[in-house]
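What you are looking at is a predicted structure, and each value in this text was computed from that prediction instead of being measured. Sequence lines set the chain letters: A, B, ... in the order given, protein chains first and strands last, and positions in each chain run from 1.
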2 protein chains.
Amino acid sequence: MPFEDKKKSRVTLLDVARRANVSRATASLVIRKSPLVGTETRARVEEAMRELGYVYNMGAARLRAERSHTVGVIVPNLTNPFFAELLSGIEAGIDSAGMVVILANSGDLVERQDMVMRRMREHGVDGVIVCPAAGTEPAFLHQLAEWDLPLVQVLRQISEEVDYAGADYAAGMRQAVDYLASLGHRTIAFAVQGPIHSAYRERVEGFRDAMQSRGLDPSMIVRVPNQIGEIADAAHLLFDEHEQPTAVICFNDVIALGLSAGLYDRGLKVGENFSLIGFDDVTDAEAMRPRLTSVSTAPVTIGANAARLLLDRLPDPIRPARRVVNETVLHIRQSCGPIAISPDNNPPASG
Amino acid sequence: MPFEDKKKSRVTLLDVARRANVSRATASLVIRKSPLVGTETRARVEEAMRELGYVYNMGAARLRAERSHTVGVIVPNLTNPFFAELLSGIEAGIDSAGMVVILANSGDLVERQDMVMRRMREHGVDGVIVCPAAGTEPAFLHQLAEWDLPLVQVLRQISEEVDYAGADYAAGMRQAVDYLASLGHRTIAFAVQGPIHSAYRERVEGFRDAMQSRGLDPSMIVRVPNQIGEIADAAHLLFDEHEQPTAVICFNDVIALGLSAGLYDRGLKVGENFSLIGFDDVTDAEAMRPRLTSVSTAPVTIGANAARLLLDRLPDPIRPARRVVNETVLHIRQSCGPIAISPDNNPPASG
DNA sequence: AAAAGCTTTTAGATCGATCTAAATGGAAAG
DNA sequence: CTTTCCATTTAGATCGATCTAAAAGCTTTT
């Protein structure tokens, strides 16, 4: 490995050009794979680049060319495996376009979101994929669009005028309710959690609509704690209500996991005398016992869709906003059973 | 909000300077919070910046100042919640220093790792935090150091000459073995998974040493599948051996979760007639039933440590390599029990 | 042989900040 | 009143690429 002179700070395009006996401009064309340069010249320049160990300087290029090959991604929470999978899908899509992801965590706080968004602009990202923090105003997104910053909202939709990638949560809820109803359940609870945002509302409204359209009471909506360890201990909330539910739909799989433990603690047998449905179908669902029936929202796919939307928008900032809404799929496993086989569960004051 | 002229592409420092009746140089000093500028001037410039909606251009600054305020982070896998938590810790640390994270996924493949590392260099990151892909050569890291790229290895250590943040896996293994031994277990299996790397070897050797130092047979090491859904079905592997184990230590919590399901399928009662210990103590451990006893490696903390190491190294590239090795903590919950109460488990061909 | 038409190459300006070294202005010292 | 000193301010070069518009070499046509 021939290191010419290690002292000299950095190999620049000019060094390469001199080595190959061409001008800076020609060397630049070679890098950008322009068809203008001759075959022999191209080979000579590439050879020189290799010999000198040249590394392209994006920073310099961006300054002139006004493109940074950089995409900002803002998520409310990294610890949640759901967002980790989403991020994984986004990263793969962005990466395959030869761009890189600048990551930031908003903590689901609008002030922090303002802050990281500013930082992204300072770093000159070509576009941003954001899962908006709860409480984000449409004006916030509009202003970004105003500033000509290509933008995609993911999972939560704040504005109709901005690209959106998500899943059809309402349809997912209907699948869950229909399935439980087909098993004979009539008193179904909905366990919810976390801050209020569009995805939250879509799920709640989806639940209400699905229940009402079957003539069932949609009012049994129970809020559980955010910490997974505490959810189990909150299972009793389900039974504090006037009527006793025979099944519960969970806002996400984390709740399902927690409640499953809490129901176990109360001596209920999930899948036998009580039914449980999760939402999102993260990979752990397969490993629970009984295996968790869950509505799959495919976060990796949503992430890939968001990346696609952004990449499509970059060349053409004025195209109308698009929405890519993923179908949900009900994965039936073992955590639900027909109501008939467990009549001992329903009476108000038995056992 | 007074938009002077929306057509003009971008508000630059020169615009700000003109508005405030100072030179570009002075405006630049204000931005960088230099103590050289007078109070009244500073106020005037800041006012002008606000009025014009000025956004700092990192790209331009970096070109001249040779600092990008950017850190590369390379992980082998984003879907795994363990890495997601690690990333969360790194991001928080880097963010609090006013820098941003450029994220890449190596897929645990050295070729991809080469590729993303090159990309990071092109983007001019100030440093890189990497969890090296399995099979990474020390020479790879040394070359990066040679190129004056500040570097921190996290979770897996390839080279002694490069900063490292991780956990004391061997000690964690000893804690697990000691605990099981104190409960009377003598035939203990170790369920492992995934590619071979330093963290893998540390855990295996830690297991072997701990077993041997207690006069126990350390050879019962069983490889299980990588997909969580398949782990449960692989539980039988534990009992295909010559001797029947009464306890199993898992390489990570995902395996523990999977095996727990598989053991359940076989009619074994974890915590009563079979003992199970996880490793890493991700948040779900609390929600399993029985609650999973696990060796905590605190990935968020490791991430924070890695960020700290890198931030400390930036100002001083020649300081000797440091190692920050986190203590592990055994979180005792319910998945282990004394061997005495379950004598019916051991006989080779019982009911 | 000159003109026209290609293809390939290039000089020099430019992007928006930072850096260096020097200029400016006012107060204190001689 | 000049000189020195200190605190501020500034002009102009610079970082490493890209862009524009034109030049230089080739054929091919007239």
Could you give the [atom1]-to-[atom2] distance, from [X] to [N], as a whole number of Å?
X        : N      : atom1 : atom2 : result
A/His69  : D/dA17 : NE2   : P     : 14 Å
B/Arg121 : D/dG16 : CZ    : C1'   : 16 Å
A/Tyr54  : D/dG16 : OH    : C1'   : 8 Å
B/Glu122 : D/dT18 : CD    : P     : 11 Å
B/Leu63  : D/dT18 : CG    : P     : 12 Å
A/Arg64  : D/dA17 : CZ    : P     : 14 Å
A/Leu13  : D/dC15 : CG    : P     : 14 Å
B/Glu66  : D/dT14 : CD    : C1'   : 11 Å

Taking only heavy atoms on the protein side, list every residue of residues 25-35 of chain A lying under 4.0 Å from any atom of DNA chain D, sorted numerically. A/Ala25, A/Ser28, A/Arg32
In terms of side-chain heavy atoms of [X], which of [options] is nearest?
X       : options                : value
B/Asn57 : D/dT18, C/dT10, C/dA17 : C/dA17
A/Arg24 : C/dC15, D/dC15, C/dA13 : C/dA13
B/Ser23 : D/dA17, C/dT9, D/dA11  : D/dA11

Residue pair A/Ala60/A/Val22 against DNA chain C: nearer the 5' end by closest nucleotide is A/Val22
A/Gln113: side-chain hydrogen bond (donor to acceptor under 3.5 Å, both in side chains) partners, not counting sequence neighbours: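 So A/Gln113 forms a side-chain hydrogen bond (donor to acceptor under 3.5 Å, both in side chains) with A/Thr136.
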Output yes when a side-chain donor or acceptor of B/Arg42 lies under 3.5 Å from a complementary backbone atom of B/Pro35, and no otherwise.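 Not confirmed, B/Arg42 side chain does not pair with B/Pro35 backbone.
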Does the A/Glu161 side chain pair with the main chain of A/Ala321, one donor and one acceptor, at a distance under 3.5 Å? no
Below 4.0 angstrom, N of the basic side chain to O of the carboxylate: do A/Asp126 and A/Arg313 qualify?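 No, no charged N to carboxylate O under 4.0 Å.
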Less than 4.0 angstrom from a charged side-chain N to a carboxylate O is my criterion; do A/Asp163 and A/Arg322 meet it? no
Does A/Thr12 place a side-chain N or O at less than 4.0 Å from the phosphate oxygens OP1/OP2 of D/dC15?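 For D/dC15, neither OP1 nor OP2 has a side-chain N or O of A/Thr12 closer than 4.0 Å.
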Quick one: is A/Thr41 getting a side-chain N or O under 4.0 Å of the C/dT8 phosphate, OP1 or OP2?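 Checking A/Thr41 against C/dT8: no side-chain N or O falls below 4.0 Å of OP1 or OP2.
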Nearest heavy-atom neighbours spanning B/Glu91 and B/Val101: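 Heavy atoms of B/Glu91 and B/Val101 come nearest at CA-CG2, 4.1 Å.
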B/Phe83 side chain reached by B/Leu155 side chain, heavy atoms, under 4.5 Å: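 With C-beta onward as the side chain, the pair touches.
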Are the side chains of B/Val22 and B/Val37 in touch, meaning some heavy atoms are under 4.5 Å apart? no
d(A/Leu78 CG, A/Leu86 CG) to nearest 0.5 Å is 10.0 Å
Filtered N/O pairs between nucleotides 21-26 of chain C and protein, under 3.5 Å:
none

